[in-house]
Visitor: 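Would you mind keeping the following structure in view while I ask a few things?
These numbers come from the heavy atoms of this one structure, side chains and all, not from hydrogens, waters or symmetry mates. So you know, we letter chains A, B, ... as the sequences are listed, proteins then strands, and number each from 1.
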Protein chains: 2
Amino acid sequence: MVPKLDVPSLLGHLNLFAQLDEKSLARLAERSQQVRVPRHAFVFHRGDPASGLYVVAVGRVKLSIPAANGQEKVIEFFGSGQAFGEAMMFIEQPYMVQAQALEDCLLLWVSKQDVLAVIDRQPAFARSLLTGMAARLHTLMQDIEMVSLHSASQRLIHYLLNLPCESGLLTLPVNKNVVASKLGLTPETLSRLLHQFSDAGIITVRGRKVTLHSRDALQAREASPMTH
Amino acid sequence: MVPKLDVPSLLGHLNLFAQLDEKSLARLAERSQQVRVPRHAFVFHRGDPASGLYVVAVGRVKLSIPAANGQEKVIEFFGSGQAFGEAMMFIEQPYMVQAQALEDCLLLWVSKQDVLAVIDRQPAFARSLLTGMAARLHTLMQDIEMVSLHSASQRLIHYLLNLPCESGLLTLPVNKNVVASKLGLTPETLSRLLHQFSDAGIITVRGRKVTLHSRDALQAREASPMTH
DNA sequence: CGCGTGCTTGATTGGTCTCAACCTTTGTGG
DNA sequence: CCACAAAGGTTGAGACCAATCAAGCACGCG
């Protein structure tokens, strides 16, 4: 029933593990555990101890900070081939975020102990980890800049302009409620802003599909706080 | 004229370099460069290439994101014995923050090349780096939580309660303008909030000295958004 | 078909910023 | 040592952005 999974090959193709020799890879794969997480279920909650890292084999995961009255602030999404939860292994602190499956997921879990062992044997792996964490630090600082220094419309524009886009046509990766949370907005504000840009003829919105008619016009609005 | 500095001993006492053997330490110390930075001068600007890391020998440094019209969002402070700028070495991107001396500083600079060399030779050093970056990630996420999920007064209270404090008496580490920026507030709002708590009898403020009369009362205000 | 979830729209509120003036402290040069 | 400037901090009035509250709409799924 369980689909056969070539774990060593799967891991070996990730940036994080690409530098590993076959032996270490095989050992890591063998000691890893497969975890199935149905849509909407939690991988871990805030406050859980962090005793390893996760790799997404199939599906997508949402990392967020829980807030009062069932609200949350979305931090990041992880898709196939991405690893998460590596950082908290290194400090003796429980997770301050929660991870929730956006779709039915198959994850691999590698224990802290196994990761540390590989670090000690393969410096290149340590570098991969460092590179990954540095990248995450960078995006987090961008998020802080966004939320501290830019207005709602500037945040939305920046977000749209940095989404994967083919000839002006893009698709929101998640539903608008979640996009709003990621941008630090209420769903109402997001809806109004999209309509504003739509009315101005800069974009067209149909469901999650957005067409950018003029990246320049968007960038212009990002630069100046905007009159009207 | 230049005061004699025992660089190997200085580095060896830092968490980051504590695990290094004498030889590596000596080599790193020897290849490091001393940098003097007068008060208010910049160590680096946003956009500068990141080609190494800094260690604070003497003085304090402020990391911030520059904004339009001379404003800035303060990210963090670094004092004697702390290292900064390690993260950006690992990704091929220029600094997105600027570093400015809060006081006359003496810094040590270690090149990216030298750091990578030590990583490859000493796994324990890689672990130290990972631990440090993980800790920074953690505090950055706390900052995001603060600024996205909590009100101005909640942020101030949290900040006060987490400052080093001896029997209710604490001192702001920097002037109020900078504290305000760190908290994502205007100086005006910070001033008003301090007065509010002062009027409520919870704290006393004299310059940078703050006396907390009741941590419990503060915590109570942090929990509930507050009526009046 | 009916219900729930996601999304939109309108009216209103309110927390925080902005602008402007003034006060206080610090530091500096005559 | 005083005078003055500059920086840091406070206070008030007002505006504004985005949140909240409250309905209502549209779509998809059982």
Visitor: Is atom CG of B:Asp104 surrounded by more than 12 heavy atoms (other residues, nucleotides or ligands) closer than 6.0 Å?
Guide: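 Yes, CG of B:Asp104 has more than 12 neighbouring heavy atoms, counting only those of other groups under 6.0 Å.
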Visitor: Donor-acceptor pair, distance only, cut-off 3.5 Å: does the side chain of A:Asp48 make one with the backbone of A:His45?
Guide: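 Yes, the answer is positive, given that a donor and an acceptor are paired below the 3.5 Å cut-off.
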Visitor: Name the one of B:Lys182, B:Lys73, B:Arg155, B:Arg136 that satisfies salt bridge (charged side-chain N to carboxylate O under 4.0 Å, His left out) with B:Asp143?
Guide: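 That would be B:Lys182.
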Visitor: Would you find more than 12 non-hydrogen atoms of other residues, nucleotides or ligands less than 6.0 Å from A:Arg39 atom CZ?
Guide: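 Atom CZ in A:Arg39 is not crowded, with 12 or fewer foreign heavy atoms closer than 6.0 Å.
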Visitor: Distance-only, no hydrogens or angles: does the A:Gln34 side chain make a donor-acceptor pair with backbone N or O of A:Leu108 under 3.5 Å?
Guide: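 Absent.
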Visitor: Roughly how many Å is it from CG in A:Leu156 to P in D:dA18, rounded to a whole number?
Guide: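 So the CG-P distance, A:Leu156 to D:dA18, works out to 11 Å.
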Visitor: Produce a footprint string for nucleotides 25-30 of chain D: one letter per nucleotide, 5' end first; B if the base is under 4.0 Å from any protein heavy atom, S if only the sugar-phosphate is, - if neither.
Guide: ------
Visitor: Got a list of side-chain donor-acceptor pairs under 3.5 Å for residues 63-71 of chain A, not counting sequence neighbours?
Guide:
from	atom 1	to	atom 2	distance (Å)
A:Ser64	OG	A:Glu72	OE1	3.0
A:Ser64	OG	A:Gln98	NE2	3.3

Visitor: To the nearest Å, give me how far apart CG (A:Leu193) and C1' (D:dC17) are.
Guide: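 The answer, rounded to whole Å, is 10 Å.
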Visitor: In whole angstroms, how far is the P atom of C:dT18 from the CG atom of B:Asn69?
Guide: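 It works out to 8 Å between those atoms.
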Visitor: Could you give the CD-to-P distance, from A:Gln196 to D:dC17, as a whole number of Å?
Guide: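 The distance from CD of A:Gln196 to P of D:dC17 comes to 10 Å, rounded to the nearest Å.
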Visitor: Is a side-chain N or O of B:Ser32 found less than 3.5 angstrom from the main chain of B:Ala29, in a donor-acceptor match?
Guide: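 Answer holds: yes.
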Visitor: At under 4.0 Å between heavy atoms, which parts of nucleotides 6-14 of chain D does protein reach? Answer with one letter per nucleotide, 5' to 3': B base, S sugar-phosphate only, - none.
Guide: --SSSBBB-
Visitor: For A:Pro173, is there any backbone N or O sitting under 3.5 Å from a side-chain donor or acceptor partner on A:Arg60?
Guide: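 Pair found, side chain donor or acceptor close to backbone of A:Pro173.
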Visitor: Is the shortest side-chain N/O distance from A:Thr186 to OP1 or OP2 of D:dA19 below 4.0 Å?
Guide: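 Yes, such a contact exists.
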Visitor: What is the distance, to the nearest angstrom, from the NE2 atom on A:His150 to the P atom on D:dA18?
Guide: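 Rounding to the nearest Å, NE2 of A:His150 and P of D:dA18 are 13 Å apart.
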